[in-house]
Enquirer: 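One structure coming up, written as structure tokens, with questions to follow.
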Amino acid sequence: MKLVALYNRPADPEAFDKAYFGEHIPLVEKVPGLLETKITRLRASMRGQDYYLMAELYFEDEAAFKAGMNSPEMAAAGENLDSFARGEYTLMFGVEE
């Protein structure tokens, strides 16, 4: 099971990167049950929304996902994210097939 986050292209990419990689990702890495985090820097959109980054957070199964999402560590990561990117991201979860 994984969480996918898509981030809109920020007005100030340098400030976003500093906050995202310097503050947010270290908090995310503390989430219990998180197996792996993959970050993709998106160069351009061919159609639709012009996203800047995609993050994929992998969990063992649905139980681990739910526990991680409801953890104090994820709450702290979410609060941090909203401090610099409120309204500028989309969160989804699913299972790879």
Enquirer: Going by heavy atoms in the side chains, are I39 and L53 under 4.5 Å from each other?
Expert: yes
Enquirer: I'd like to know if F21 and V31 are part of one continuous hydrophobic network [Ile/Leu/Val/Met/Phe/Trp/Tyr, side-chain heavy atoms within less than 4.5 Å].
Expert: yes
Enquirer: Is it true that atom CD of Q49 has more than 12 heavy atoms of other residues, nucleotides or ligands lying nearer than 6.0 Å?
Expert: yes
Enquirer: Please name the pair of heavy atoms, one in Y20 and one in P26, separated by the smallest distance, quoted to 0.1 Å.
Expert: O-CD, 4.4 Å
Enquirer: Return the minimal non-hydrogen interatomic distance between Y7 and A55, and the atom names on each side.
Expert: CE1-CB, 4.1 Å
Enquirer: Can you measure from OG1 (T40) to CG (L42) and round to the nearest 0.5 angstrom?
Expert: 6.5 Å
Enquirer: Taking only residues two or more places apart in sequence, or in another chain, which ones meet L91 in a side chain to side chain contact (heavy atoms under 4.5 Å, CB included)?
Expert: L3, A5, Y89
Enquirer: Testing the basics here: between P13 and A11, what is the closest heavy-atom pair and its distance to 0.1 Å?
Expert: CD-O, 3.5 Å
Enquirer: What's the spacing between T90 OG1 and M92 CE if we round to 0.5 Å?
Expert: 6.0 Å
Enquirer: Do M69 and F93 share a hydrophobic cluster, counting only Ile, Leu, Val, Met, Phe, Trp and Tyr and linking them when any side-chain heavy atoms are less than 4.5 Å apart?
Expert: yes
Enquirer: Quick check on the hydrophobic clustering: are F16 and L6 connected, directly or via other members, by side-chain heavy-atom contacts under 4.5 Å?
Expert: no
Enquirer: Do Y52 and R41 have side-chain N/O donor and acceptor atoms under 3.5 Å apart?
Expert: yes
Enquirer: Checking N80 side chain against A76 main chain: does a donor-acceptor pair fall under 3.5 Å?
Expert: no
Enquirer: Would you name the heavy atoms of V4 and K2 that are closest together and state the gap between them?
Expert: CG2-CE, 3.9 Å
Enquirer: Hey, does the side chain of H24 reach the backbone of A77 with a donor-acceptor pair shorter than 3.5 angstrom?
Expert: yes
Enquirer: Do F59 and L35 have side chains that get closer than 4.5 Å, going by heavy atoms?
Expert: no
Enquirer: Where do E73 and P32 come nearest, in terms of heavy atoms and distance?
Expert: OE1-CD, 3.5 Å
Enquirer: Between K66 and E62, is there a side-chain N and carboxylate O pair less than 4.0 Å apart?
Expert: yes
Enquirer: Report yes or no: do Y58 and V28 belong to one cluster of Ile/Leu/Val/Met/Phe/Trp/Tyr joined by side chain heavy-atom distances under 4.5 Å?
Expert: no
Enquirer: Ignoring hydrogens and geometry, is there a side-chain-to-backbone donor-acceptor pair from S71 to M74 under 3.5 Å?
Expert: yes
Enquirer: Hydrophobic clusters here meaning ILVMFWY residues chained together by side-chain heavy-atom distances under 4.5 Å, can you tell me if L57 and M54 are in one?
Expert: no
Enquirer: Which distance, rounded to the nearest 0.5 Å, do you find between the CE of M1 and the CD of E96?
Expert: 11.0 Å
